[in-house]
Asker: 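Take a look at the following structure, please.
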Amino acid sequence: MSTPTKTNDELGSGTTGETAALSSAETGNAYIDQFPAEAAVIRAAFYSSFIALAIGGIFGFIQTLHRTDIVQVVDSSTYYTILTAHGVFLVISFTIFFLVGVFTWAVTTSLEREVESIRFTWTWYGLMVLGTIFAAVPILAGFTDAIDMSADVLFTFYAPLQAHPLFYIGLTLFVIGTWLAGADWFRSWLAWKRENPDERIPLPTFMVLTTMIMWYIATLGVAVSILVFLLPWSLGLIETVNPTLTRTLFWFFGHPVVYFWLMPAYMMWYLLLPKFSGGRLFSDPLARVVFVLFLLLSTPVGIHHQYLDPGISEGFKFIAMTNTMFLLLPSLLTAFTVVASMEHGARQRGGTGYFGWLKALPWKDPVFTGMALAGLMFAAGGFSGMINAGMNINYLVHNSLWVPGHFHLTVGTAVALTFMAGAYWFIPQVTGKPLASKPIALVQVVLWFIGMTFMSNAMHRAGLLGIPRRTAEPWYNGFEFEAAIGTVGELNAQIALGGTLLTLSLVLFLVNMLITAFNRPTGTVEANTIPTPLSGPSDAPKVLDNLKLWTAIGLVLVILAYTLPLASIIDRGGLFGPGGDAFPVTTADLGMTQTVLETLIMVVA
Ligand code: HAS
Ligand code: CU
């Protein structure tokens, strides 16, 4: 390891004083000047993510026109292939490739340190690429009968849907790639810690490490699901699996994965949004609390995706619901901290009044506007999440188009729009080339907001009418859904219009990125700096940096939330199935769970 050619003293470990250090437009101080080798990996990760975005986006467009019966370019029998490709390319490849780039930027910038071994960094990136290609082959082969392979299993890939083994192998390699990426960042931090034993973990690195611990815990579920059940089953080594078990293991991972997408977006809201608002982050300690809360609470809630699974007792669902409600806290704290930081920035820029300060924000800056609009939409997406999370109301919306309405606001906007807006700042940082067109970027982020407003609002409303998700022809055989307000035709038109605007927005984004990438480096790129927070790390209790403690508590919560449900599911359906009772179960009939419960009580006593 060696030190970078030029260091960034403004970010540092937060111990360099509490003075605002707003970015200056000096040349030669962009990320690529400081960390040329790392910038190359980050660039590769970003470009991989944009390729996935382009492919996933095309499928989204086909889908939106298909299920609203506007234009059907494919046969309905391939709808699941399209849906799988749309889901996997966007929520697995686009998001994760982008976030590993951002995390590498965050760790190197804030520790002021190159990665320990750039070959290792390229290795995990290469593994992720290989995994993506392996998974993509059977998905795309689903479009043709000429190749005897398919993976029409959706991004949730639990049984009874079965994919070609290559799909599971690809996912495994991809996840191992992310594990190694995490190891890379931990390694950097440990090396830095040896040299700076008394310093607080710099906030950006703290955010990366807590997110990765959460990810390690979460991916245990999917690793067991794939390696013990789905892959052997798909290879023909075992004949049956227990579908409820693979669903539960999937959702053990499937809920926290949404925070794996969200936490990098939050990181950008905490680190970059205040800067672009013209101010400083309100509170470093509060940001640390938020990330610790996510580490603790992201995993023991997955059963809130299974409120309608008959094989899980109501009591366990109730516990998942309670935990989910606690999990609202870090997002509500984020809403407060980030908006307060934006207000601080606006007042620095001369803004006044209760709401008048909003006018003083830099609305012409696509990075700022994209992230602010993403945050605004997330407020709505968060509310529909709260509705999903209520066990009783969930019965109304589950498996309806309401749910895609919810997640297009969350992952499809809070995350995707933040990433796109962030790219307008990151791409110049890692290429040394200014953005090709700021005005087009501004139109792009606003278009995304408008398109998503149409699409997600109509999806939520359609869901309330009972229109199902994951269905190529939701009108079935001429079945009419009754709309209390408006008509189904009007909702479909809004969905198709929204989807078209989103596609247009995506094209603008990709073209802007493409031109920037191939441009000659002309003009200056902003310095790679982040202003220090108003309330810095010295105000945060030291215990917040005790990662071992939070990991231990996180694991205990997982054990408490999952031991009994898993024991009960295995008890009823068998470790390798088949079967499982397809009727509601209650805690009154515990079976093997009773034994586990008694043992636990004995151990505790
Ligand atoms: Fe969710 C289903 C509950 C958040 C993604 N969710 C999904 C699915 C996905 C998904 C993909 O309980 C579908 C999976 C599938 O295919 O079946 N979700 C929640 C809850 C939250 C939540 C309680 N979800 C997310 C996030 C996602 C995501 C984040 C992706 C990134 N979700 C559920 C449930 C289901 C579900 C059930 C199952 C439904 C079913 O029946 O199948 C919470 O984390 C939300 C908390 C958020 C808030 C909002 C805070 C507001 C903020 C904005 C600040 C404003 C700013 C801008 C910065 C409380 C932070 C200001 C701007 C100015 C101009 C001033
Ligand atoms: Cu969830």
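Ligands are counted one by one from 1 in listed order, and the atoms in each one are counted from 1 as well. All figures in this text were calculated on a predicted structure; none of them were measured in a lab.
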Asker: Counting only heavy atoms, which portion of V339 has something under 4.0 Å from ligand 1: side chain, backbone, both, or neither?
Answerer: side chain

Asker: Which ligand 1 atoms are under 4.0 Å away from a heavy-atom of H398?
Answerer: 40 (C), 41 (O), 42 (O)

Asker: So which atom in W269 and which in A414 form the shortest heavy-atom distance, rounded to 0.1 Å?
Answerer: CZ2-O, 4.0 Å

Asker: Give the atom numbers and elements of ligand 1 that come within less than 4.0 Å of a heavy atom of H305.
Answerer: 2 (C), 7 (C), 35 (C), 36 (C), 38 (C)

Asker: Only heavy atoms of A335, strictly under 4.0 Å: list the atoms of ligand 1 that pass.
Answerer: 51 (C), 52 (C), 54 (C), 60 (C)

Asker: Taking C-beta and beyond as the side chain, do T211 and F294 meet within less than 4.5 Å on heavy atoms?
Answerer: no

Asker: Answer side chain, backbone, both or neither: which part of N388 comes under 4.0 Å from ligand 1, heavy atoms only.
Answerer: both

Asker: Do the two ring centres, one from F316 and one from Y562, sit under 6.0 Å apart?
Answerer: no

Asker: Exactly one of F103, Y216, W215 should register a ring-ring contact (aromatic ring centres under 6.0 Å, His included) with W185. Which one does?
Answerer: F103

Asker: Which is it for W261 and ligand 1 at heavy atoms under 4.0 Å: side chain, backbone, both or neither?
Answerer: side chain

Asker: With heavy atoms of R470 as the reference, note each atom of ligand 1 found under 4.0 Å away.
Answerer: 16 (O)

Asker: Please tell me whether Y270 and S341 have a donor and an acceptor in their side chains that are separated by less than 3.5 angstrom.
Answerer: no

Asker: Below a 4.0 angstrom heavy-atom separation, can you tell me which part of L308, side chain or backbone, both or neither, approaches ligand 1?
Answerer: neither

Asker: Which part of T324 is near ligand 1, with near meaning a heavy atom under 4.0 Å away: side chain, backbone, both or neither?
Answerer: side chain

Asker: Among F252, Y259, F253, which one satisfies ring-ring contact (aromatic ring centres under 6.0 Å, His included) with H255?
Answerer: Y259

Asker: At under 4.0 Å between heavy atoms, which part of L376 makes contact with ligand 1: side chain, backbone, both or neither?
Answerer: both

Asker: Donor-acceptor check, side chain of W261 to backbone of I96, threshold 3.5 angstrom: yes or no?
Answerer: no

Asker: Just to check, does Y266 reach to within less than 4.0 Å of ligand 1 when the distance is taken from its heavy atoms?
Answerer: yes

Asker: What I'd like to find out is whether the side chain of M455 reaches to under 4.5 Å of the side chain of H408, using heavy atoms alone.
Answerer: yes

Asker: Which atoms of ligand 1 have any heavy atom of V338 under 4.0 Å away?
Answerer: 58 (C)

Asker: Compute whether any side-chain donor of one residue and acceptor of the other, for S76 and H66, lie under 3.5 angstrom apart.
Answerer: yes

Asker: For ligand 1, which part of F155 has a heavy atom less than 4.0 Å away: the side chain, the backbone, both, or neither?
Answerer: side chain

Asker: How wide is the angle at the Cu ion (ligand 2) between ND1 in H255 and NE2 in H305, to the nearest 10°?
Answerer: 130°

Asker: Hey, is F260 touching ligand 1 through its side chain, its backbone, both or neither, going by heavy atoms under 4.0 Å?
Answerer: neither

Asker: Checking the side chain of D309 only, and the main-chain atoms of G311 only, is there a donor and an acceptor separated by less than 3.5 Å?
Answerer: no

Asker: Check each atom of ligand 1 against the heavy atoms of Y259 and keep those under 4.0 Å away; list them by number with element.
Answerer: 21 (C), 43 (C), 44 (O)

Asker: Can you give me the closest heavy-atom contact between Y80 and R470, atom names plus distance?
Answerer: CE1-O, 3.5 Å

Asker: For ligand 1, which atoms have a heavy atom of W251 less than 4.0 angstrom away?
Answerer: 14 (C), 15 (C), 17 (O)

Asker: Is the contact between W363 and ligand 1 made by the side chain, the backbone, both, or neither, using heavy atoms and a 4.0 Å cut-off?
Answerer: side chain

Asker: Under 2.8 Å from atom 1 (Fe) of ligand 1, is there any N, O or S atom belonging to H406?
Answerer: yes

Asker: Determine whether F50 and F419 satisfy the following criterion, ring-ring contact (aromatic ring centres under 6.0 Å, His included), listing intermediate values before the conclusion.
Answerer: CA-CA 10 Å; F50 300 156; F419 284 9; over 10 Å; no

Asker: Can you confirm whether or not the ring centre of Y168 sits under 6.0 Å from the ring centre of H164?
Answerer: no

Asker: With a cut-off of 4.0 Å, which atoms of ligand 1 are near a heavy atom of M386?
Answerer: 59 (C)

Asker: So is R469 close enough to ligand 1, meaning a heavy atom under 4.0 angstrom away?
Answerer: yes

Asker: Does V258 approach ligand 1 within less than 4.0 angstrom via side chain, backbone, both or neither, non-hydrogen atoms only?
Answerer: both

